[in-house]
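The structure under discussion appears below in the form of structure tokens.
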Amino acid sequence: MSFLSLKNVSKQYGDSLAVQDFNLNVEKGEFISLLGPSGCGKTTTLNMIAGFEEPTTGTIEISGKDMTYAAPNTRDIGIVFQSYALFPHMTVAENVGFGLEMRRVGKEERRQRVLETLELVRLTQFADRFPKALSGGQRQRVALARAIVIKPQLLLLDEPLSALDAKIRERMQIELRNIQHEVGVTTILVTHDQAEAMAMSDRIAVMNFGRMARLGAPFEIYEQPGDLFTSNFLGSTNMFDGEVSEQAGDVVMVNCSGVELSVQGNAAKGSKITVGVRPEKIALVEAGLGLIDAKIKTRIFMGTRWAYQLESSLGTLDVTLQNAGHEVAGEGVIVGVTWPRHAIRIFAEG
Amino acid sequence: MKRYLPPYLLSGPAVIIFVIMLAVPMIMTFMLSFKSFSFYTGITPDYGWHNYLEVVTDSYFHEIFFRTYAISIGVTLLCALIGAPEAYILNRMTKAWRSMCLLAILGPLLISVIVRTLGWALLIGNNGVINDALLLLGVIDEPLRMMYTTQAIVVALVHVLVPFMVLSVWTTLQKLDPQVENASMSLGASHFTTMYRVVLPQIMPGILAGSLIVFALTASAFATPSILGGRALKVVATTAYDEYLNTLNWPLGAAIATILLIANIVVVMSYNKYVEHKYAAVFD
Amino acid sequence: MRRYDKNGPIALTFNALFLIFILAPLFVVCWVSFTPEGFLSMPTTEFSLRWFVAILDHPEFISAFLFSVYLAFGSATVAVALAVPAALATARYRFPGRGMIMAFFMSPLMIPHVVLGVAFLSYLSSLGWAGTYIGLVACHVILIMPYALRLVLASVTGMDKAAEQAARSLGASRWTTFRRVTIPLIMPGVTGGWVLAFITSFDELTMTLFIASPSSTTLPVRMYQHITENVDPLIASVSAVIIFITMILMFVLDRIFGLDKLLVGK
């Protein structure tokens, strides 16, 4: 019995299906991300869970109770909005206390709980300020405090970090994750940022065109993305089209533009398939020692790593190398390219 | 000094015209208000406070000023009461409907007040539409007397000025984060509480700004009270007009005008100060 | 995100009543103007254009209309010609007295029209300009300047300064930059300001009532004088024509500028 379950949920606007046949079970205490590009239906899904929109078909259950059509103010859900949606005419403390007030929590207890929560998000000294006087990161923490002070059974985060700059965002990811662990609340994060989803979630549901494309733990879906969309959305992948020339056990030989590649997996001989390998799985060796040779077209230094673009008989290859502290091969050099056999994967056929 | 030359040259022509055509006539009117007038000698330059004393002591003028500001307060309250909800409803409409409704509400602002007031005269006249309809339906036996009443002036002025309120509140609503209502609901607030605790306080600056416009314009309204109020229900603006063009007592008319202007300025300034003080910490 | 109307039935009823309240008086004016009778009445079975034809027999309305257009055209043009440099000065430069000058330009908004009328009447008569075209234009310019200035100023401050810097960096002189980049970019605001100024001048009654002479009577003044004597179907048909013309103008304005933007001045 899952804590939150969405069963065959669909949402239709006029002729367009924003979400179709969406199924998801979330366990208590779990941190799940809905990840996808804009327009993939993730925000609509969140709005249906929150009760701001009703599904066209399907049901939403929270701890065993059918909440599909329940009003948002009866669902006991804390939400951190993309715009934070702080009440500009209330102080930080009043903002955080609003939900408790709605629950008719006594004044003294209210004050106590607001203080505790502000301490948790390290904003105690800003209690009497108005939102206008806070920085983006501080506002974000007020929004979080306001959502968790009511001890909701479910916490929804709608692109909560997208309005922050990269540095603060990374720090907030860690902070948010820690607070979620501490409070132990079941959390659903909606985001289009794969790094954010991977950094924070127990499981990720990748969405595309209103459908669930892949569901699994971050490492699992990164390594076995299953389809081209997920693979590309979670990172970049070098793709090669080819034809299976030989099959032996669970290894196939694929002929891609004249190069024979050995790939783990199953595919019928003669079938046309796409295989892919991630840039960081590729190693550069001396010319002639790799699987194929390639010429370095561009080399960009990015601090923690080097980003290469190579010309090879397989086409253009993206390669990233860790910066190990010494100079590496430069533009124009011919190098060998290799990768471990398990790093190359079969994607959808055709 | 030289670097300030361009802006002074650019704004110079307008400043000169404003000095010649606004500052000088206003000062002259102010001076005029201290002069004397009699039917036989016309305007004479014996300066004194007598015109102001007349306005301040004569109960005839008390009644006129009282009526003017009572109407202003009534019109302002009514405009806020119907204009603010209308703006909120507009904001929740689909785009196509909203632009149609906005057109219908704001369009009349482009039509002369005289035409809009005429519409009310035709509606509420003794043989106007409303009386005709009520007589036809047998609700009444004799036409209701609605022309030349304070209520008629109030209703027509609400009609003339409520678009300003809608516009003012609507502008504020556009700055409202559409998510705050959802946020309030998600925290357990009902629709009513969300309205009262979250939406209303945020659109209050718009209501206050709209009220100021409506109040100031009602206090100085001329055409509507003149046509719908007739000779008996005078307001400050129509009184000044009569002193100037009928009685020809220009100094007294100038004094009335000066008082009206100063009252308006005092109201606007103190109101602005109050509003600024109240919202400085909260809104940008 | 707003794909459907979120209003409930009560809100929609309120909206309908509100619209009726706003539109009813205008509708009644148009309705009455089609009466076939010689007195004020609501035509129910028969409609006639006789009162529209009757306007032609009253040249005083036609000449008043033409004079109003003439006056509004002149006043709006002068006001915009003053407003553009004034807007450039106050938006682009920080100089002593800037705030005061701005307040000065905006001050006519705070002065009741009857006060302006009182002031201009005695002033124009002492100058010997009472009832002259130039005198009326001068007074109307003061009255409509805030409207013109507000829209021009909004477009000047809203303009991307980088476009001008780009023109300069590409070798354009100050004057060429102004002519080829600045003017086209602020044109929507200038046009909007002119139109709003024109309408404000055209509609003005109270102040003009003081300073108009029989030979320089505007349409609202003519109508006011007529209404205070008697309310007849003729005045309704004149009003209906104004409503009709304004409606066409309004649709055009809404298409080009957006009515709310024009009236809020942002």
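First the proteins, then the strands, lettered A, B, ... as listed; each starts at 1.
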Identify which part of [X] has an atom lying under 4.5 Å from any heavy atom of chain C, answering side chain, backbone, both or neither.
{"X": "Ile227(B)", "result": "side chain"}
{"X": "Ser11(B)", "result": "both"}
{"X": "Ala216(B)", "result": "neither"}
{"X": "Val162(B)", "result": "side chain"}
{"X": "Ala121(B)", "result": "neither"}
{"X": "Leu245(B)", "result": "side chain"}
{"X": "Tyr244(B)", "result": "side chain"}
{"X": "Val268(B)", "result": "side chain"}
{"X": "Val236(B)", "result": "neither"}
{"X": "Met21(B)", "result": "both"}

Side-chain donor/acceptor of Tyr123(C) to backbone N/O of Ile20(B), under 3.5 Å: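 Such a contact is found between Tyr123(C) side chain and Ile20(B) backbone.
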Strictly distance-based, threshold 3.5 Å: is any side-chain N or O of Ser112(B) a donor or acceptor partner for the main-chain N or O of Asp203(C)?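 Here the side-chain-to-backbone pair exists.
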Over all heavy atoms of both residues, which pair between [X] and [Y] is shortest? Give the atoms and the distance, please.
{"X": "Ala236(C)", "Y": "Leu118(B)", "answer": "CA-CD2, 4.1 Å"}
{"X": "Gly119(B)", "Y": "Val29(C)", "answer": "CA-CG2, 3.4 Å"}
{"X": "Leu23(C)", "Y": "Ala104(B)", "answer": "CD2-O, 3.8 Å"}

So, do Asn264(B) and Val115(C) sit near enough that their side-chain heavy atoms are less than 4.5 Å apart?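 Of all side-chain heavy-atom pairs linking Val115(C) with Asn264(B), none is under 4.5 Å.
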Side chain to side chain, Ile17(B) and Met145(C), heavy atoms closer than 4.5 Å: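 When only atoms from C-beta onward are counted, Met145(C) and Ile17(B) do not touch, as no gap falls below 4.5 Å.
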Could you please spell out the steps behind the side-chain contact (heavy atoms from CB on, under 4.5 Å) verdict for Thr90(C) and Leu10(B)? CA-CA 9 Å; Thr90(C) 45; Leu10(B) 284 169; over 6 Å; no
Heavy-atom cut-off 4.5 Å, strictly under: side chain, backbone, both or neither for [X] against chain B?
{"X": "Phe105(C)", "result": "both"}
{"X": "Leu209(C)", "result": "both"}
{"X": "Cys30(C)", "result": "neither"}
{"X": "Leu26(C)", "result": "side chain"}
{"X": "Ser122(C)", "result": "both"}
{"X": "Val118(C)", "result": "both"}
{"X": "Arg92(C)", "result": "neither"}
{"X": "Ile235(C)", "result": "both"}
{"X": "Ser126(C)", "result": "side chain"}
{"X": "Val114(C)", "result": "side chain"}
{"X": "Ser107(C)", "result": "side chain"}

Run the ring pair (Phe, Tyr, Trp, His ring centres under 6.0 Å) test on Phe222(B) and Tyr224(C) for me, step by step, so that the C-alpha distance in whole Å, both residues' side-chain angles and the decisive distance to 0.1 Å come before the verdict. CA-CA 11 Å; Phe222(B) 171 80; Tyr224(C) 176 78; 5.6 Å; yes
Sort out for me which of [options] touches chain B most, counting heavy-atom pairs under 4.5 Å.
{"options": "Ile142(C), Ile22(C), Thr246(C), Ile199(C)", "value": "Ile142(C)"}
{"options": "Ile245(C), Val28(C), Thr228(C)", "value": "Val28(C)"}
{"options": "Leu219(C), Thr206(C), Ile242(C)", "value": "Thr206(C)"}
{"options": "Ile227(C), Ile101(C), Leu17(C), Leu205(C)", "value": "Ile227(C)"}
{"options": "Leu88(C), Leu19(C), Leu121(C), Ile243(C)", "value": "Leu121(C)"}
{"options": "Phe14(C), Phe18(C), Tyr93(C), Phe95(C)", "value": "Phe18(C)"}

Value rounded to 0.5 Å, distance of [atom1] in [X] from [atom2] in [Y]:
{"X": "Ile114(B)", "Y": "Arg222(C)", "atom1": "CD1", "atom2": "CZ", "value": "11.0 Å"}
{"X": "Leu123(B)", "Y": "Trp31(C)", "atom1": "CG", "atom2": "CH2", "value": "10.0 Å"}
{"X": "Met110(C)", "Y": "Leu261(B)", "atom1": "CE", "atom2": "CG", "value": "7.5 Å"}
{"X": "Arg98(B)", "Y": "Asn15(C)", "atom1": "CZ", "atom2": "CG", "value": "12.0 Å"}

Atom [atom1] of [X] with >12 non-hydrogen neighbours under 6.0 angstrom:
{"X": "Phe27(C)", "atom1": "CZ", "answer": "no"}
{"X": "Met31(B)", "atom1": "CE", "answer": "no"}
{"X": "Ile248(C)", "atom1": "CD1", "answer": "yes"}

Steps toward side-chain contact (heavy atoms from CB on, under 4.5 Å) verdict (Met250(C), Ile111(B)): CA-CA 10 Å; Met250(C) 188 180 81; Ile111(B) 298 173; over 6 Å; no
Show the numbers, then the answer: is there a side-chain contact (heavy atoms from CB on, under 4.5 Å) between Phe104(C) and Leu22(B)? CA-CA 9 Å; Phe104(C) 192 29; Leu22(B) 186 63; 4.2 Å; yes
Look at the rings of Phe21(C) and Trp120(B) and say which category their plane angle falls in: under 30° parallel, 30 to 60° tilted, over 60° perpendicular.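 Phe21(C) and Trp120(B): tilted rings.
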